[in-house]
2 protein chains.
Amino acid sequence: MQKQETLTKNQKIILDLIEKSDQPLKAYSILFDVKKKGINAPLQVYRALNKLVKIGKIHKIESRNAFIACKNSKCQIANATIFSICESCEDVTEIHDHKLSEHLRDFKDNKGMKYNKYNLEFFGLCKKCV
Amino acid sequence: MQKQETLTKNQKIILDLIEKSDQPLKAYSILFDVKKKGINAPLQVYRALNKLVKIGKIHKIESRNAFIACKNSKCQIANATIFSICESCEDVTEIHDHKLSEHLRDFKDNKGMKYNKYNLEFFGLCKKCV
DNA sequence: TTAAATATGTTATATTATTACATAGCGTTA
DNA sequence: TAACGCTATGTAATAATATAACATATTTAA
């Protein structure tokens, strides 16, 4: 379990912003939005983002270079993420599917590799965009 | 099935280079290597890369911004990729696991989304690095 | 044989992310 | 409390990744 009480000022500001959005935000768009709060440089944003990713409060959508809040209040799935991404409207949803997660968690390759993390992104068209 | 006979000069040069490497190559490292062959600008590389990804000859490792050749001669899996990535030595291997692929192919979320593609990346430590 | 589609070459620029360095705060422990 | 280790901060500069815009050429198909 992560300790959420230790978030610093910058981390809180940036997490707040990301949590208010239900869609992924890009680093420089975050930077633009938090300038009024005294965060002036990309590095300040990236440092906070990296920390928030590390503790599982947010996830990075790798194919989009964007960051979305983790809706799972327990924040235990920083290392096991599944997303669906609409290639038309770019809507992103985190998927929680017990059975699929189980399969992924239990997956063993034939090279004896020890996994501690996975990220899965599904692409397609959402209901609205079909 | 894709038509491989239609690759253009630039596409061939860049595919050759990527196929000679068993590990992912980055766009600007590719650019550096193909300058002697008359490819001078990033855009020429990215255009070839995008095409090669589209037809399934190579895959992009999203978490690494790098490109690796598809070893599957049939090239039918441009839209269904699974990789294992060692976080220590950065070795990347494409995984072909029938059962897992089946699960992913058959996965349906509860939002009625129609998927046409997925990308899964496993992270951990390979045998050598454990 | 013209039109449409695809690819090329080039310059410039946009976007994403890190290096390097100086400083500040905080908890431990001696 | 003083000294240390650790983490975070602020700032400037720059590296790394990727695309826009434009002119031209080549290929494909009607």
Output the rounded distance in Å from [atom1] ([X]) to [atom2] ([N]).
X	N	atom1	atom2	answer
B/K51	D/dT19	NZ	P	17 Å
B/R64	C/dT16	CZ	C1'	16 Å
B/L7	D/dT26	CG	C1'	16 Å
B/N50	D/dT17	CG	P	15 Å
A/L31	D/dA12	CG	P	13 Å
B/Y46	D/dA21	OH	P	18 Å
B/K9	D/dT26	NZ	C1'	13 Å
B/I30	D/dT17	CD1	P	11 Å

N/O to N/O distances under 3.5 Å, protein versus nucleotides 21-26 of chain C:
none

Where the side chain of [X] is defined as all heavy atoms beyond and including C-beta, which of [options] is the nearest nucleotide?
X	options	answer
A/P42	C/dA17, D/dT19, D/dT11	C/dA17
A/N40	D/dA18, D/dT9, D/dT11	D/dT11
B/K26	D/dT17, C/dA7, D/dG10	D/dT17

Aromatic stack B/Y28/D/dT17: centroid gap under 5.5 Å, interplanar angle under 30°: yes
Hey, are the side chains of [X] and [Y] touching, using non-hydrogen atoms and a 4.5 Å cut-off?
X	Y	result
A/I58	A/I14	no
A/L120	A/L100	yes
A/L49	A/I18	yes

Sugar-phosphate, base or nothing in reach of A/Q44, heavy atoms under 4.0 Å: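 Base contact - A/Q44 has a heavy atom under 4.0 Å of at least one base atom.
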Any [X] side-chain N or O less than 4.0 Å from OP1/OP2 of [N]:
X	N	result
A/K60	C/dA17	yes
B/N65	D/dA18	yes
B/T8	C/dT8	yes

Contact nearer the 5' end of DNA chain D, comparing B/S29 with A/Q11: A/Q11
Contacts of type side chain to side chain contact (heavy atoms under 4.5 Å, CB included), residue A/I68, not counting sequence neighbours: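 So A/I68 forms a side chain to side chain contact (heavy atoms under 4.5 Å, CB included) with A/P24, A/H59, A/I61, A/F83, A/V92.
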Keeping [X] on the side-chain end and [Y] on the backbone end, is there a donor-acceptor pair under 3.5 Å?
X	Y	answer
B/N40	B/G38	yes
B/K26	B/R64	yes
B/E121	B/E62	yes

